[in-house]
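Here the structure is laid out as structure tokens; the discussion comes afterwards.
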Amino acid sequence: MLELRSVRYHPATTPEPVLRDLSLTLPVGEPVLVAGRSGSGKSTLLELISGLAEPSSGTILWQGQPVTGRARRWLSGLVFQFPERHFLGLSVGQELKLGQRRLGSERLEAVLGQVGLQGVSLQQAPERLSGGQQRRLALAVQLLRDPKVLLLDEPTAGLDWSVRHEVLQLIAQLGRQRALLVVTHEPEVFQGVVGRAWRLSDGSLQPLPALRTMP
């Protein structure tokens with residue numbers, strides 16, 4: 001379980017804190033959602049959890065023990081809102097093998113099957129995949145790292161409804177095995193997928209009780 005306890009984030013460049021005395025628990029096996037408008041601090045929250053930023057005050061813990069930013073980077077897998085903008089490999093295979101010099105074919109095939117990309121050509125460019133396939137590829141890249149905490153930034157943005165449904169099913173599946181947090185501006189899409197949901201506004205969290213049911 002990952003916990004944020006009274007976390008505050010106030011960069012020197014802003015007159016007011018982005019996050020104020022924020023507490024949040026991400027249990028293993030129960031996906032959590034944080035909703036909010038653009039500029040509400042959702043991406044900042046992901047950066048803090050993933051170790052890309054440090055809180056101004058407060059504590060972030062894993063299994064009850066405080067963890068440093070470096071440790072959080074090892075624990076977390078972050079999938080950006082538009083993963084296609086962050087692909088570094090010239091081919092799907094190169095993208096999957098970045099930082100995985102000893103990646104075996106069995107492990108690679110297992111993860112591709114897990115995200116529904118079995119049979120995809122490893123020689124083609126990631127940009128040639130459909131939007132839904134690109135999201136799945138970005139998930140596969142992170143799953144190969146075996147993160148304990150999976151962080152998804154607007155995972156359904158820009159996808160049509162049929163592809164959204166497939167991605168939502170995948171999120172529900174992945175959330176059974178690890179701590180998982182979705183941030184989004186459209187929480188209604190995730191009805192029945194997440195266990196608990198919160199709205200981030202003015203740097204604080206308020207519960208969204210309508211999304212509490214699990215499938």
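Closest approach of Ala140 and Val115 over heavy atoms only: CB-CG2, 4.0 Å. Scanning all heavy atoms of the two residues, the minimum distance from Pro55 to Val7 falls at CB-CG1, 3.7 Å. Closest approach of Leu168 to Val193, counting heavy atoms only: O-CG1, 4.0 Å. Among all heavy-atom pairs drawn from Leu117 and Leu137, the shortest one is CD1-N, 3.5 Å. Minimum heavy-atom separation, Phe190 to Pro155: CZ-CG, 3.8 Å. The minimum heavy-atom distance linking Gly77 with Pro147 is given by the pair N-CB, 3.5 Å.
Residues Ile49 and Leu151 meet the side-chain proximity criterion, which asks for heavy atoms closer than 4.5 Å. Inter-residue side-chain proximity for Val32 and Val194 is flagged as unmet; no heavy-atom pair is nearer than 4.5 Å. With a 4.5 Å cut-off on side-chain heavy atoms, Val182 and Asp153 do not count as touching. Between Val18 and Pro11 there is a side-chain heavy-atom pair separated by less than 4.5 Å. Residues Thr25 and Pro27 meet the side-chain proximity criterion, which asks for heavy atoms closer than 4.5 Å. Residues Leu174 and Gln169 are not in side-chain contact: their nearest non-hydrogen atoms beyond the backbone lie 4.5 Å or more apart. No side-chain heavy atom of Leu181 sits under 4.5 Å from any side-chain heavy atom of Leu152. At a threshold of 4.5 Å between non-hydrogen side-chain atoms, the residues Thr184 and Val189 do not count as touching.
Residue pairs meeting the side chain to side chain donor-acceptor pair (under 3.5 Å) criterion with at least one partner in residues 57-72, sequence neighbours excluded, are Glu54-Arg72. Within the structure, the side chain to side chain donor-acceptor pair (under 3.5 Å) test picks out the following pairs touching residues 106-119 (sequence neighbours left out): Gln114-Gln177. Screening residues 117-139 for salt bridge (Lys or Arg N to Asp or Glu O under 4.0 Å) gives Arg136-Glu166 as the qualifying pairs, with residues at least two apart or on separate chains.
To the nearest 0.5 angstrom, Arg178 atom CZ is 14.0 Å from Leu2 atom CG. In this structure, Tyr9 OH and Leu48 CG are separated by 6.5 Å, a value rounded to the nearest 0.5 Å. One finds the CH2 atom of Trp198 at 9.5 Å from the OG atom of Ser23 (value rounded to the nearest 0.5 Å). A distance of 9.0 Å separates CZ of Arg199 from CG of Leu33, quoted to the nearest 0.5 Å.
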Begin from the C-alpha positions of Leu61 and Leu4 and carry the test side chain to side chain contact (heavy atoms under 4.5 Å, CB included) through to its verdict.
CA-CA 7 Å; Leu61 307 96; Leu4 281 70; over 6 Å; no
What do the steps show when you test Gln124 against Leu129 for side chain to side chain contact (heavy atoms under 4.5 Å, CB included), and what is the final call?
CA-CA 8 Å; Gln124 66 180 310; Leu129 299 174; 3.7 Å; yes
Apply side chain to side chain contact (heavy atoms under 4.5 Å, CB included) to Lys97 and Val92, showing your working.
CA-CA 9 Å; Lys97 293 177 182 178; Val92 170; over 6 Å; no
Decide yes or no on side chain to side chain contact (heavy atoms under 4.5 Å, CB included) for Leu108 and Leu122, but give the supporting numbers first.
CA-CA 11 Å; Leu108 178 59; Leu122 301 182; 3.9 Å; yes
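Taking the side chain to side chain donor-acceptor pair (under 3.5 Å) definition, one finds that Ser162 meets it with Asp160, sequence neighbours left out. Glu3 pairs by the salt bridge (charged side-chain N to carboxylate O under 4.0 Å, His left out) definition with Arg5, not counting sequence neighbours. Taking the side chain to side chain donor-acceptor pair (under 3.5 Å) definition, one finds that Ser6 meets it with Asp21, sequence neighbours left out. Legend: residues meeting salt bridge (charged side-chain N to carboxylate O under 4.0 Å, His left out) with Glu16, ordered by chain and number and at least two apart, are Arg20. For Gln142, the side-chain contact (heavy atoms from CB on, under 4.5 Å) test picks out Val79, Arg145, Leu150, with sequence neighbours left out. Contacts of Ser91 classified as side-chain contact (heavy atoms from CB on, under 4.5 Å), with partners at least two apart in sequence or in another chain: Gln94. Residues forming a side chain to side chain donor-acceptor pair (under 3.5 Å) with Asp146 (at least two apart in sequence, or on another chain): none. When the side-chain contact (heavy atoms from CB on, under 4.5 Å) test is applied to Ser40, the partners found at least two apart in sequence or on another chain are Arg37, Lys42, Leu200. Taking Thr156 as the reference, Glu186 meet the side chain to side chain donor-acceptor pair (under 3.5 Å) condition, with sequence neighbours excluded.
If you chain together hydrophobic residues whose side chains sit under 4.5 Å apart, Phe80 and Leu75 fall into the same group. Both Leu52 and Leu26 belong to a common hydrophobic cluster when Ile, Leu, Val, Met, Phe, Trp and Tyr are linked at side-chain heavy-atom distances under 4.5 angstrom. A single hydrophobic cluster is seen to contain both Trp161 and Leu170, as judged by linkage of ILVMFWY side chains at heavy-atom distances under 4.5 Å, directly or through other members. Met1 and Leu180 fall into different hydrophobic clusters, defined by Ile, Leu, Val, Met, Phe, Trp and Tyr side-chain heavy atoms under 4.5 Å apart, directly or through other members.
When atom types are taken as modelled, the side chain of Gln134 and the backbone of Pro126 share a donor-acceptor pair closer than 3.5 angstrom. Under a 3.5 Å cut-off, the side chain of Ser76 and the backbone N or O of Arg73 do not form any donor-acceptor pair. Between the side chain of His10 and the main chain of Thr14, a donor-acceptor pair closer than 3.5 Å is present.
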